[in-house]
Amino acid sequence: MKSIIVNIRREKDLFEKYSNKVSNDLLKYLVEEARVKDDIEIIINTKLDINNIDKLIKDGLENSYKNTKIIDKFYDNKQIILFIVGMLFLIFSTITQPEIIKELILIIGWVAVWEVVDIAINVDSKQKYNRKIIKKLINCKIKVNNN
């Protein structure tokens, strides 16, 4: 089991600057440290008198999980639009007459189609992997040591 140790000395280490949300830097640190195949345990060392730090962190992780779902929907819609636009350009290239314009439209169509493939390979796989790690962190044990 891997232990991720977090030392929280000040409230700004835990919270965002202008809100009561858990710091994005803290959440990113947890995700980076959790990129292992072992089980995870988070150990929070703090002298702050804040109740439910573990619940605050879990809530922040759940919000991050939901945000990745929203981003996925955005990229899914982008892929659909690019695919339709690409196909329209490819079809339109077959009926266009001047050869240079025909080739230009054909290239634009293929670029749009390949952008769909690029999103599927690069963005979707990274998002799914991050979501898997966040889910792992949501389900892990958080131990708070008030020193």
Side-chain angles (χ1 to χ4, degrees), residues 1-93 100-101 103-147:
M1 177 179 287
K2 179 179 179 178
S3 296
I4 301 173
I5 299 172
V6 179
N7 296 311
I8 298 176
R9 294 181 187 95
R10 303 169 303 232
E11 280 193 24
K12 72 179 190 176
D13 295 338
L14 179 63
F15 296 110
E16 285 292 329
K17 188 173 181 178
Y18 297 110
S19 69
N20 288 334
K21 294 180 183 178
V22 173
S23 167
N24 281 330
D25 291 337
L26 174 59
L27 297 176
K28 287 178 188 176
Y29 170 74
L30 292 173
V31 169
E32 283 301 314
E33 290 296 310
R35 292 183 190 274
V36 293
K37 296 194 186 259
D38 298 337
D39 290 333
I40 302 291
E41 173 187 49
I42 300 172
I43 300 172
I44 307 290
N45 297 320
T46 185
K47 292 182 182 180
L48 297 177
D49 187 27
I50 298 174
N51 294 330
N52 301 327
I53 289 178
D54 54 339
K55 184 179 179 336
L56 288 170
I57 291 173
K58 294 244 181 187
D59 289 345
L61 289 166
E62 287 176 5
N63 284 336
S64 291
Y65 186 84
K66 290 175 187 173
N67 287 341
T68 62
K69 290 277 200 179
I70 292 169
I71 291 168
D72 272 356
K73 287 182 183 178
F74 168 77
Y75 279 111
D76 288 346
N77 291 336
K78 185 176 178 179
Q79 283 178 296
I80 291 168
I81 291 168
L82 283 171
F83 184 75
I84 291 170
V85 167
M87 287 294 125
L88 289 174
F89 271 86
L90 290 174
I91 292 168
F92 186 65
S93 72
I100 192 145
I101 303 282
E103 291 296 319
L104 183 64
I105 292 172
L106 183 68
I107 291 169
I108 292 170
W110 278 115
V111 167
V113 170
W114 279 108
E115 183 67 22
V116 172
V117 174
D118 181 53
I119 290 170
I121 292 171
N122 293 322
V123 176
D124 289 349
S125 59
K126 288 177 187 175
Q127 282 292 95
K128 288 177 184 174
Y129 184 64
N130 278 342
R131 192 169 31 254
K132 182 180 176 183
I133 292 172
I134 292 169
K135 192 68 164 173
K136 183 177 175 181
L137 286 167
I138 289 170
N139 294 322
C140 80
K141 181 181 176 188
I142 299 178
K143 184 177 159 185
V144 180
N145 296 328
N146 290 350
N147 299 333

Q: Apply side chain to side chain contact (heavy atoms under 4.5 Å, CB included) to the pair Ile43 and Ile4, showing each step before the final yes or no.
A: CA-CA 6 Å; Ile43 300 172; Ile4 301 173; over 6 Å; no

(Q) Does Trp110 form a side chain to side chain contact (heavy atoms under 4.5 Å, CB included) with Leu90? I'd like the steps, not just the answer. (A) CA-CA 7 Å; Trp110 278 115; Leu90 290 174; 3.5 Å; yes

Q) Leu104 and Ile108: side chain to side chain contact (heavy atoms under 4.5 Å, CB included), yes or no, with the steps? A) CA-CA 6 Å; Leu104 183 64; Ile108 292 170; 4.3 Å; yes

(Q) Applying side chain to side chain contact (heavy atoms under 4.5 Å, CB included) to Leu82 and Ile119, what does each step give before you reach the verdict? (A) CA-CA 10 Å; Leu82 283 171; Ile119 290 170; 4.2 Å; yes

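Looking at heavy atoms from C-beta onward, Asn146 lies out of side-chain contact with Lys47 at the 4.5 angstrom threshold. Counting heavy atoms from C-beta on, the side chains of Asn145 and Ile44 never come closer than 4.5 Å. Side-chain contact between Ile133 and Leu137 is present, with at least one heavy-atom pair separated by less than 4.5 Å. Taking the side chain as every heavy atom from C-beta outward, Leu26 and Asp13 never approach each other to under 4.5 Å. In this structure, the side chains of Tyr29 and Val6 come closer than 4.5 Å at one or more pairs of heavy atoms. For the pair Thr46/Asn7, no side-chain contact is recorded, criterion being any heavy-atom separation below 4.5 Å from C-beta on. No side-chain heavy atom of Ile8 sits less than 4.5 Å from a side-chain heavy atom of Asn45. Between Asp38 and Met1, every side-chain heavy-atom pair lies at or beyond the 4.5 Å cut-off.
Separating the CG atom in Asn67 from the CG atom in Asn24 is a distance of 8.5 Å, to the nearest 0.5 Å. Between the CG atom of Asn139 and the CD1 atom of Ile134 there is a distance of 12.0 Å, given to the nearest 0.5 Å. In this structure, the separation between CZ on Phe83 and CG on Leu88 is 10.0 Å, given to the nearest 0.5 Å. The NZ atom of Lys136 lies 7.0 Å from the CG atom of Asp39; values are rounded to the nearest 0.5 Å. Here the straight-line distance linking atom OG of Ser93 with atom CG of Leu106 works out to 4.5 Å at 0.5 Å rounding. Taken to the nearest 0.5 Å, the OG atom of Ser64 stands 9.5 Å off from the CG atom of Asn130.
In the displayed structure, Arg9 atom CZ is contacted under 6.0 Å by at most 12 heavy atoms of other residues, nucleotides or ligands. Under a cut-off of 6.0 angstrom, the local environment of OH in Tyr65 is crowded, with over 12 non-hydrogen atoms contributed by other residues, nucleotides or ligands.
Judged purely by atom type and a 3.5 angstrom limit, Asp118 has no side-chain atom pairing as donor or acceptor with the backbone of Trp114. At least one donor-acceptor pair under 3.5 Å links the side chain of Lys2 to the backbone N or O of Glu33.
Closest heavy-atom contact between Gly86 and Ala112: CA-CB, 3.6 Å.
For residues 14-30, the set of pairs meeting the salt bridge (Lys or Arg N to Asp or Glu O under 4.0 Å) definition, not counting sequence neighbours, is empty.
Residues Ser3 and Glu41 have side chains that bring a donor and an acceptor to within less than 3.5 angstrom of each other.
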What pairs of donor and acceptor atoms, side-chain ones from residues 70-79 against any protein atom, are under 3.5 angstrom apart with sequence neighbours left out?
| from | atom 1 | to | atom 2 | distance (Å) |
| --- | --- | --- | --- | --- |
| Asp72 | OD2 | Arg131 | NH1 | 2.9 |
| Asp72 | OD2 | Arg131 | NH2 | 2.5 |
| Asn77 | ND2 | Lys73 | O | 3.4 |
| Gln79 | NE2 | Val116 | O | 3.1 |

Show which side-chain atoms of residues 51-59 pair as donor or acceptor with protein atoms under 3.5 Å away, not counting sequence neighbours.
| from | atom 1 | to | atom 2 | distance (Å) |
| --- | --- | --- | --- | --- |
| Lys55 | NZ | Asp59 | OD2 | 3.1 |
| Lys58 | NZ | Ile138 | O | 2.5 |
| Lys58 | NZ | Cys140 | O | 2.5 |

